[in-house]
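Since the structure comes first, as structure tokens, the remarks are kept for the end.
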Amino acid sequence: MTVTRHEPSPLEVGPPPGAPARRPRRRAPLSARYVAGRLATALVAVWAVFTLVFFSLLATGNPAQLLVAPDAPPGELERITALMGFDRPPLEQYATFLGRVVTGDLPDSIRYDESPLALVAERLPASITLGLTGLLLGTLLGAAAGYLGATARRPLLRRLPLSLLTALDAIPSFFLGILLIFVFAIVLRSLPATGGGTLAHLVLPALTLAVVVAAPVGRIFRTALLDVAELDHVRTARSKGIAPAAVTARHVVANALPPVLNVLGVQAGMVLGGAIVTEALFGWPGLGQLSVSALNNRDYPLVLACVCVIAIGFVLVNLAVDLLAALLDPRNRR
Amino acid sequence: MSVITTSTDAVTAAPARRRPVYGIVGSVVVVAVAVLTIAAPLVAPHDPLAQDLTGLLRPPSAVHPFGTDELGRDVLSRVLHGGRVALGVSLVATVLSAVLGVGLGVVAALGGRYWDATLGRLADVQLAVPGILLALVVLAFAGSGTVALVVVLALGSWVLNFRIARVHATFVAAQPFIEAARLAGASTVEVVRRHVVPALGPLVLVAATLTFSTVLLLESSLGFLGLGVQPPTPDWGQMVASGQAQLAGAWWVSIFPGAALVVVIVGVQLAGDRLAERFSTAGRADE
């Protein structure tokens with residue numbers, strides 16, 4: 001009896017039979033060190049905002065003056081000062097302040113007589129809706145313009161969308177918003193100028209935010225598409241006979257996306273900052289409008305809560321984008 | 001064949017450099033606006049603060065080329081005078097931002113690893129705080145004077161200058177002529193003053209055009225929110241905001257100051273692009 005040995009054909013891929021199935025090597029996609037580093041920067045950023053707020057408060061002299069109603073009885077100022085501990089040494093105040101901010105134990109809003117965090121939480125969904133819509137709309141517009149800029153055969157189609165976005169981007173957000181209101185709400189009477197609640201109210205503010213995102217996304221996407229299209233692996237894919245549409249989708253567009261993500265990270269922050277202006281402009285009932293009206297009413301506990309929440313949101317968005325970018329492209333893991 | 005390959009030929013065939021005419025147009029616009037705003041008291045047809053309650057919200061005419069606002073003030077005169085404030089504040093803030101950024105950038109590049117790491121972290125943290133938020137906090141709590149405004153604007157924009165200066169100063173410091181200067185007995189301060197900072201000049205100038213746009217944008221946004229230059233002093237952002245309520249009946253109150261803002265921003269960007277090509281730096285910093 002002869003034992004026939006199994007001869008693996010040279011074309012056969014995979015482990016020889018009988019060998020224990022090789023487990024694919026599993027590694028955490030991101031090193032703990034990288035994630036910890038990003039988290040540390042994020043925490044320091046939030047702490048820096050809180051510290052800045054504290055010293056700005058200290059610079060006003062006695063912050064209790066901001067908390068006391070102008071028509072309060074005499075003695076109220078002293079009472080609040082003692083109550084809030086504004087007569088303590090600065091370092092002790094700083095510790096108390098940080099403790100209050102971290103636990104969310106802020107004094108009640110002066111205007112609404114309510115916990116400022118509750119007010120902020122009430123407004124947060126509207127802000128997130130507007131921000132995400134603007135970001136999504138801007139990404140789609142920018143990606144479309146960038147794709148056309150890289151692929152369209154007609155020179156006009158190739159240049160016009162990107163040039164238009166770049167031109168719109170040169171207009172400050174608040175003025176672009178004014179122009180949009182003028183054209184769509186006043187001349188054409190097709191959309192409401194200000195307010196919130198309905199889908200029609202969302203269009204103009206979202207469009208204003210979208211332009212901020214669309215122009216850089218479009219420019220980067222176009223450049224990335226052109227760069228990737230010249231790479232060897234694309235030529236190989238094409239010479240293997242893969243359908244042109246599949247080459248474009250899987251090999252060109254897919255590899256042109258990571259740079260877009262990086263830009264989105266920067267722009268997501270801009271959208272958050274821009275949302276303050278845009279919400280105030282369009283009367284969108286979100287966090288930005290709340291903080292501006294709180295500023296105008298000198299409602300300092302509310303301003304404090306808004307600033308802290310916006311700062312935390314901004315830092316979280318940046319953190320998420322950084323981690324996502326590192327996940328997609330190891331070159332970002334520095 | 002994929003459409004993408006066909007288009008690359010066309011793109012590489014396209015001229016890589018923009019024609020200088022854009023840069024010239026940009027520079028002319030910037031100089032013209034600068035001259036007009038500096039000479040505002042001479043060229044403005046009316047007093048920017050003079051109210052005329054018998055002529056509220058008049059449309060553009062020969063007497064008032066840009067019309068009048070809700071208090072009957074001449075919009076053209078207010079746009080000219082408003083430019084003095086908006087551009088002046090932005091210019092001072094840009095210079096401050098450049099000095100701060102270049103100073104810290106040189107320290108980070110030449111001051112050893114400790115300074116480099118510390119300042120780099122500081123820049124990261126600064127970038128993690130949106131400029132407008134920083135401005136809101138400081139201006140809301142610490143008061144909205146011109147000095148506070150300039151400081152806030154500079155703080156919101158120094159990181160770009162810092163990063164550019166840091167990278168380039170590191171590069172310059174590694175050049176043989178720096179070594180030669182050191183061998184000739186030059187101290188670090190002398191090397192920085194005579195060799196490193198002059199070498200940074202062109203780059204900083206290009207970065208300054210970008211910084212100026214950013215700062216002007218922030219300044220006018222703050223003005224729009226009512227936190228920038230306070231009335232009655234005219235300011236472009238603040239004028240756009242005050243005209244918003246009248247947009248339906250009197251578009252000119254908002255549109256003219258806003259248009260002035262756009263003209264300056266586009267002009268500065270075109271001039272900056274031209275400068276960048278002139279010094280053949282590798283693209284603008286945001287791309």
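Naming convention: chains lettered A, B, ... in sequence-line order (proteins, then strands); numbering from 1 in each chain. Here the structure is a predicted model, which means the values were calculated and not measured.
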Q | Contacting moiety of A:Ala280, where chain B heavy atoms sit under 4.5 Å | A | side chain
Q | Most contacts with chain B, counted as non-hydrogen pairs under 4.5 angstrom, among A:Leu281, A:Ile310, A:Val317 | A | A:Leu281
Q: Could you tell me which portion of A:Leu319 (side chain, backbone, both or neither) has an atom closer than 4.5 angstrom to a non-hydrogen atom of chain B?
A: neither
Q: With sequence neighbours left out, write down each residue that passes ring-ring contact (aromatic ring centres under 6.0 Å, His included) with A:Phe174, or none if nothing qualifies.
A: B:Phe224
Hey, can you pull the donor-acceptor pairs under 3.5 Å for the side chains in residues 252-262 of chain B, sequence neighbours left out?
from	atom 1	to	atom 2	distance (Å)
B:Trp252	NE1	B:Arg58	O	3.1
B:Trp252	NE1	B:Thr68	O	3.1
B:Ser254	OG	B:Val240	O	2.7
B:Ser254	OG	B:Gln244	N	3.3

Q | Residue A:Val292 versus chain B: region with a heavy atom under 4.5 Å | A | side chain
(Q) Heavy-atom pairs under 4.5 Å with chain A: which of B:Leu225, B:Leu217, B:Leu216, B:Val266 has the most? (A) B:Leu225
Q.
Nearest 0.5 Å, please: how far is CD1 in A:Ile186 from CG in B:Leu247?
A. 4.0 Å
Q) How far does CD of B:Gln269 sit from OG1 of A:Thr166, to the nearest 0.5 angstrom? A) 9.5 Å
Q: Mind listing the closest non-hydrogen atom pair of B:Ser221 and A:Val277 along with its distance?
A: CB-CG2, 4.1 Å
Q: For residues B:Ile265 and A:Ala170, report the shortest heavy-atom separation together with the two atoms involved.
A: CG2-O, 3.7 Å
